[in-house]
Amino acid sequence: MKNSARYCTRIFSAEAPRAPLFAIIPAALTAGLMICSLLIGAVRISPAEVLAWATGGALPARSRLLLSLLRWPRTLACALCGAALSVSGLLLQNALGNALAGPSTIGVNAGAGLWFVIGALLFPHVPAVRSAAVLPGAMGNACLVMLISRKAGASRLTIVLAGVALSAFSTAIIDAIVTRRPDILVDRAAFSIGGFAGVVTMRGVTLALPCFCAGFAGAIFLAGRLDILRLGDEVALSLGLPARAVRLAAVLCGAALAAGAVSICGMIGFVGLIVPHIVRRISRRNDADGRTLPLIAAAAFTGAALVLLCDLSARTLFAPYELPVGILLSFLGAPFFLYLLMTGKRGRVLS
Amino acid sequence: MSGRATMRITRLEAGYGRECVLRGVDFSPAAGALTVLAGPNGSGKSTLLKVMAGLLPPRAGAVDCDGRSLYALSRRARAQLVGYFPQTRPLPELTARTLIAHGRYPHLRFAGSLTERDRAHIAQAAALTGTEALLDKDVAALSGGQRQRVYLAMLLAQDTEILLLDEPTAFLDIRAQLDVLDILKSLRRAGKTIIAALHDLQQAFSFADRLALLEDGRIAFAGPPDCPAAAAGVRRVMGVSVRRGEAGALFRYTLARGEARATEDAPPQAGV
């Protein structure tokens with residue numbers, strides 16, 4: 001008890017926060033799954049070859065090419081996208097005080113997707129344009145949802161309903177564009193559902209890195225402030241915290257993270273919605289304060305591990321065919337979310 | 001901890017959207033005293049407290065604190081000067097210790113680590129509010145009175161010279177109400193300037209050094225509660241007569257029209 005007391009008073013500590021168990025286990029899992037993702041596939045690569053590739057040693061040219069051009073970019077993309085979408089969901093849920101918020105539910109993913117398609121339509125030969133266009137798309141939809149819900153009364157349901165409407169609108173435009181010009185997307189189904197097969201390149205990952213870096217840095221910076229925001233706007237303001245600015249910044253960081261992920265793997269749903277719930281449920285046993293910073297770490301690793309696991313399953317379960325990873329995520333995620341709803345304390349999950 | 005911070009409000013107008021709630025408030029709460037703001041529902045008590053706390057910028061007029069305009073100060077400087085206790089608050093899942101520690105937010109440096117001084121303030125706030133035994137408990141699991149004391153401890157940890165409290169005794173049983181008022185009295189003894197909105201005139205007359213009556217967004221009376229003008233003000237603004245009872249007895253209210261509304265020992269709060 002004494003120990004936990006010391007831990008609790010160090011809420012704004014500049015010292016590195018003690019890594020909680022609920023973040024360490026997913027981190028180890030992520031590392032393990034990343035190695036598996038490099039080893040397993042249509043062509044088996046031995047651990048010795050992976051080690052040689054990582055250390056710059058000698059290995060067969062085919063294995064080197066496979067690892068450099070396919071496995072590593074895809075593994076990195078899975079981990080980054082899973083982490084980004086999960087942290088995005090956590091930021092959106094905490095900032096909007098809404099457990100139903102997530103990059104897919106409030107229309108952020110669809111906004112990013114729409115601008116990705118528009119970028120591809122206008123500048124088909126410049127990948128950087130579509131990778132950059134996702135950011136204003138995601139942020140635009142996030143701001144629109146906040147604005148609409150403010151005008152219509154910011155009830156929890158209004159935000160989600162506004163998001164659903166914006167998502168439907170954005171997706172309709174995407175469908176209209178892609179129906180007219182199917183050549184602008186490599187795989188239309190994989191883009192709408194979300195998937196990594198055949199679309200991930202190291203260049204695409206690199207182009208998304210600024211979004212990820214800005215989003216993760218912002219999330220870490222805002223974590224302590226989001227803790228104060230949980231006390232309500234009036235208390236937060238009276239403590240000197242610019243509540244509205246912090247909320248907007250958190251939503252924009254969430255949008256940037258989701259935008260980066262959409263530019264790589266399309267509009268994956270569910271990860272951003274369920275992972276924050278999973279980590280909150282687990283963390284409650286370890287950290288009675290539900291502080292945001294450890295939750296961010298836990299959400300990042302849990303999301304990365306979940307997407308890596310689903311991608312690994314998607315490419316091995318029905319080999320040589322691959323499923324878009326979004327299908328598997330929904331297949332696993334939807335029942336799990338229902339389980340959380342049914343087993344959570346009354347109103348806890350949705351309040 | 002010099003104490004005796006002064007606040008001066010002149011020709012203040014404020015409101016929400018198109019609605020104007022405060023219409024020319026002139027008010028200078030006595031420094032180092034406990035001032036109770038009273039008035040009918042909708043008279044502007046909460047709005048006045050929000051403006052004084054720096055949460056609602058005025059449309060016209062001035063809010064000066066120790067000779068400086070409150071709204072010209074940075075958010076942080078304002079939060080170091082004025083503490084605010086809202087009437088309703090959400091119930092986050094966290095321990096009382098962390099909640100109280102949040103009160104130190106305006107004093108933390110950019111990196112945000114709690115110093116020994118911060119910890120001393122937190123311990124002192126917990127001691128003053130009698131919440132030491134509750135520190136490791138979940139705030140959501142506490143009783144209404146305990147929760148109120150924990151939130152008060154957070155306000156004390158903020159260590160401001162001016163404390164603004166909006167209905168700090170609302171929804172509490174009588175014992176918890178008196179606990180809260182006792183804490184306010186001890187803060188006043190420590191030299192803090194306290195302004196509390198209270199619905200209960202009984203408590204207002206018993207605990208206040210000064211009484212300020214709000215009517216339709218204006219100050220109708222401000223002064224000591226035991227002067228005849230205070231009773232006249234209450235009669236005019238609230239529509240009830242107030243008369244001090246026998247030695248040790250509680251105040252006696254009657255409707256101004258003359259219908260008996262309360263007994264000497266247990267005046268009901270409804271309708272007051």
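Model, not experiment: these values are computed from the prediction. Throughout, protein chains are lettered first and strands after them, A, B, ... in sequence-line order, and every chain is numbered starting at 1.
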- Check whether B:L99 gets within reach of chain A through its side chain, its backbone, both or neither, counting any heavy atom under 4.5 Å. side chain
- Message: If I measure from the heavy atoms of chain A, does B:V139 come under 4.5 Å with its side chain, its backbone, both, or neither?
- Response: neither
- Message: Is it true that, when you exclude B:R59 itself, more than 12 heavy atoms of the residues, nucleotides or ligands shown sit nearer than 6.0 Å to its CZ?
- Response: yes
- Applying side chain to side chain contact (heavy atoms under 4.5 Å, CB included) between B:H102 and each of A:D227, A:L241, A:V235, report the one that passes. A:D227
- Query: At their closest point, which heavy atom of B:L55 faces which heavy atom of A:S238, and how far apart are they?
  - Reply: CD2-N, 3.7 Å
- Query: What heavy-atom pair brings B:A79 and A:G240 nearest, and what distance separates the two atoms?
  - Reply: CB-N, 3.6 Å
- Note on the structure: The reported gap from OG1 in B:T98 to CZ in A:R291 (rounded to nearest 0.5 angstrom) is 7.5 Å
- Task: Run the salt-bridge test on A:E234 and B:R89 with the 4.0 Å N-O cut-off and return the result as yes or no.
- Result: no
- Item | Check: B:R75 and A:L239 side chains under 4.5 Å, non-hydrogen atoms | no
- Best-contacting candidate, B:H107, B:R78, B:K50, against chain A by heavy atom pairs under 4.5 angstrom: B:K50
